[in-house]
Amino acid sequence: MELPKNYEPQSFETEIYSNWESSGYFRPEVDRNKTPFSIVIPPPNITGQLHMGHALNNTIQDIIIRHKRMQGYSTLWLPGTDHASIATEVKIVDQLRTEGLEKEDIGREEFLKRAYQWKETYGGKIVRQLRRLGCSCDWSREAFTMDERCSRAVREVFVNLYRKGLIYQGSRIINWCPHCHTALSDAEVEYEAQDSHLWHIRYPYADGSGYMVIATTRPETLLGDTAVAVNPKDERYKDKVGKMLKLPLTDRLIPVIADDYVELDFGTGCVKITPAHDPNDFEVGLRHNLEVIRIMDDGGVINENGYAYAGMDRNEARKKMVEDLEAQGLMEKIEPYSHNVGCCYRCKSTVEPIVSKQWFVRMEKLAEPAIKVVRNRKITFIPERFAKTYFNWMENIKDWCISRQLWWGHRIPAWYCEDCGEIIVEKEDPTRCPHCGSTKLRQDEDVLDTWFSSALWPFSTLGYPEATEDLKYFYPTNVLVTAYDIIFFWVARMIFSGLEHMGEIPFPEVLIHGIVRDAEGRKMSKSLGNGIDPLMLIDKYGADALRFSLTTGVAPGSDIRFSEEKMEPSRNFLNKLWNAARYVLMNSEGKTLPPIGSFSYTSADKWILYKLNQTVREVGVYLKKYELGMANAKLYDFIWSDFCDWYVELTKPALYGNSEKAALEALSVLTYVLKQILKLMHPFTPFITERIWRECGEKGTIMLESYPVYTKKFVFTAEYRKFEKIKDLIRAVRNLRAEMNVPVSKKLNLYIVSDIAKYIEKNSSYILKLANVEAIHFVSAKEEAGEKIASVVVPDAQVFIPLGELVDTEKELMRLDKELRNVEAEIKRGEGMLANAGFVSKAPKALVEAEQSKLEANREKRRKILANIESLK
RNA sequence: GGACGAUUAACUCAGUUGGUAGAGUGUCUUCUUGACGUGGAGAAAGUCAGGGGUUCGAGUCCCUUAUCGUCCACCA
């Protein structure tokens, strides 16, 4: 036995992991005789560092995967990383800037070379960190969204969707990030409330008959106005529709038009229409055939359409225009106003809605079946409420802008013929135009949205479009585990992609977990600096303790607050398990134990085996439902309270007694229960369980042991209940000892009056040991215990303890009085319930009977306590 | 504006078909009894946010109010 006294995870975790990895235990075979079970990892960004969110997400997946592996499934956990188009590009651009370079200076090819280099250097970091956590991923199948395989899938999907008319190119209003210089999808825009103003500006009528007042939050877009709209029902402006207005600060004339889009009761009832820079205005423009005038370039600078403001940054232009309008007496008023401003999800700059030619995925037809499979529960969300979030998004979905004006990513496989303008979208790179035969072809400069490739992840990683063995065997995957914040970005898109390209759902279950927050409940973020580094926690407490902490008290879908303090209880618990194992192993060293089942069990054995069996069942149920927090709690209670605090203590009389046979049998049960515990715990805390397992004289890894299952062999219900009475008795004596301040050095003599005296006598060794008792005397009446006695009443027994001078009569009376009050409260409650005719007639019979017998027992207890009080007086 | 979640012991949180409220931490008392002081034994501590309803019975189901939080939408 080589276990040191204290649990020191640092001394074995790394070694155990590399042992697992090199043994190939993580790598499943495509085995038709086994049922497959697969999970694809939510691929972390190559720019990322392992944070607490990853730690939680991957701990959950690893628990599920390890559990399934132990259940005998052919289990695949497919890992990989995401190229993270924008995030990575930003990093490379930053890196270039430190050298005084812009990306244009080095050109696309060189830029990509650098990006790949960067990926090689830093992209593997997070993957190594996952190993520290203990993740049993099949690294031989590791994927990357831009590797050859995934890229082929992207190409295949793009071309197929294009051919079906589900991908198209068009000039539409999109969200533009002037900082990242790219279009964004709607999902990539975050809204943030900002304090601003509502500027009321006068637009004079061209005929000199006064002016209209429009209210706007974005005065600078005035330069692109091509109309002012009013509601057709608005009596105030009925006769103005059709008139022309002089657009301030310009020389243009714009019409007053009528459109239902305008609300009657907001602002002045007049809305400036800027089709090039507002999604709603764009729609209005289409309806009224308005000119679309872009006034800003891709960097947010006013362009040549901006009159005197051309060349100014958008913020600068706003300021100057407001000044100018005031100077010209065209500013009616300025009100403070708070409204939501769209921001880029990566760089947080204010996005600019602009009209731009981009590629889109037509969503309507794709969304329909994706909604259906969740409606008819082919895919379920756990917890179910997230289905609602999903429906809300899917049912209101707009076309997905997939082109990005970046270099790092999958380049759009579209070529333009320079001669005839033909657009060519093919699975293989074209060399000549199929329309005019020209060889002057130019590939689209843009790349695809990162999420376009992530959407294909459950099948691109398995070999799609090829019908590989992996794809046939492991698709669909079994469960997807993710936080709720990427349901739109990722989950929804995987669902419609799987249905469209594979003709099958990608997974039947979506397990949603929450976000790891700090002690104050704030999101952990770099900018707040409130993040905790999981690697630091692993170094300090071990990966197992981190995993156990993260699954303590978690319920699906709910956020968890985390602080380092939460590590200690887990570490202490593992230390407890460690030492319980030491106890078992130290004592059984060099001994040949009789196999479990080959001898008759003691009362205590039956009690613990029964409890173990119950725990096995409960943990199994919770794991099936992904109630990891509950499974965790059950294991904690069983191991600490039942096994360590009780059973281990209960075996001491046998182990240190004079019967070799009894000692060996106790050790056999101890070893059996310990091993079952290790197996039960293994998915949660893989390292410590493997470490101890090795000490148990086992040859193989615990990873491949079968997970414990409920057995009829250990249904010792009656024995269990009976033994609980022995525990009650022990507890009562301990309690009395504490309350009476009896020193531990003082061994007690118990006088017991009981109907189950024989049973108590049989189990007296436990009482002697655990309650620190000298001797037990079975008597028929209290008087036999002598003078100066304390007393306790427990189920089926009365215990009298002569304490001589230690008995403080006053104190004992007070103690008895307290007990009396407790039991009387119980009696009152029971009587109340049983006096209720409704309860007696309508509640389940078993419950009523239980109440009745409880009431009788309590009345009995009261009688005895009263008698004891009486005799003391 | 809409949807969802939270509100339980001093703190952090569990509580799965409705059946006498639980854990960890902290607090108090006590113990070097041969696995563990990262421990053992014992104790104190909650009108389960407020109000109403359904029920024999509600922390649990329904309605409502309040506070906090999240997501979606977006009226210039």
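On a predicted model such as this, the values are computed, not experimentally measured, just so you know. Within every chain, numbering begins at 1; the chains are lettered A, B, ... in the order of the sequence lines, protein sequences first and strands thereafter.
For the salt bridge (Lys or Arg N to Asp or Glu O under 4.0 Å) test, residues two or more places apart in sequence or in another chain that qualify with A:Lys854 are A:Glu851. A:Glu192 is linked by a salt bridge (Lys or Arg N to Asp or Glu O under 4.0 Å) to nothing, counting only residues two or more places apart in sequence or in another chain. Applying the salt bridge (Lys or Arg N to Asp or Glu O under 4.0 Å) test to A:Asp544 and every residue at least two apart in sequence or in another chain returns nothing. A:Arg202 meets the salt bridge (Lys or Arg N to Asp or Glu O under 4.0 Å) test with A:Glu332; sequence neighbours excluded.
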Polar atoms only, N or O, under 3.5 Å: list the protein pairs with nucleotides 20-22 of chain B and their distances.
{"from": "B:U20", "atom 1": "O2", "to": "A:Glu826", "atom 2": "OE1", "distance (Å)": "3.3"}
{"from": "B:U20", "atom 1": "O2", "to": "A:Glu826", "atom 2": "OE2", "distance (Å)": "2.7"}
{"from": "B:U20", "atom 1": "O2", "to": "A:Arg829", "atom 2": "NE", "distance (Å)": "2.9"}
{"from": "B:U20", "atom 1": "N3", "to": "A:Glu826", "atom 2": "OE1", "distance (Å)": "2.9"}

Write down the protein N/O and nucleotide N/O pairs, taken from nucleotides 60-63 of chain B, whose separation is under 3.5 Å; answer none if there are no such pairs.
none

Hey, what are the protein-to-nucleotides 1-10 of chain B N/O distances that come in under 3.5 Å?
{"from": "B:A3", "atom 1": "O3'", "to": "A:Lys388", "atom 2": "NZ", "distance (Å)": "3.2"}
{"from": "B:C4", "atom 1": "OP1", "to": "A:Lys388", "atom 2": "NZ", "distance (Å)": "2.7"}

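Side-chain contact, A:Tyr583 with A:Thr651: a donor N or O sits under 3.5 Å from an acceptor N or O. Residues A:Ser853 and A:Glu856 have side chains that never bring a donor and an acceptor to within less than 3.5 angstrom of each other.
A heavy atom lying under 4.0 Å from RNA chain B marks the following residues of residues 332-340 of chain A, by number: A:Tyr337, A:Asn340.
OP1 or OP2 of B:A76 has not a single side-chain nitrogen or oxygen of A:Arg218 nearer than 4.0 Å.
Residue A:Asn658 qualifies as open at atom CG: its count of foreign heavy atoms under 6.0 Å is 12 or below.
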Dot-bracket for RNA chain B: what is it, with Watson-Crick or G-U pairs under 3.5 Å, [ ] where a pair crosses earlier ones, and | for a pair to another strand? (((((((..((((.....[..)))).(((((.......))))).....(((((..]....))))))))))))....
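Comparing B:C11 with B:A3, their C1' atoms sit 32 Å apart, to the nearest whole Å. B:G15 sits 34 Å from B:U29 when the P atoms are compared, rounded to a whole Å. Separating the P atom of B:A49 from that of B:A21 is a span of 15 Å, rounded to the nearest Å.
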Throw together a table of side-chain donor-acceptor distances under 3.5 angstrom for residues 194-201 of chain A, partners on residues two or more places apart or in other chains.
{"from": "A:His200", "atom 1": "NE2", "to": "A:Glu335", "atom 2": "OE1", "distance (Å)": "3.1"}

List the protein contact pattern of nucleotides 35-42 of chain B with one symbol per nucleotide (5' to 3'): B for base contact, S for sugar-phosphate-only contact, - for none; contact means a heavy-atom distance under 4.0 Å. BBSBSSSS
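Rounded to whole Å, the distance from CZ on A:Arg737 to P on B:U30 is 15 Å.
Listed by first and then second residue, the ring pair (Phe, Tyr, Trp, His ring centres under 6.0 Å) pairs that reach into residues 263-285 of chain A come to none, sequence neighbours excluded.
Mapping A:Gly553 and A:Thr389 onto RNA chain B by nearest heavy atom places A:Gly553 at the nucleotide closer to the 5' end.
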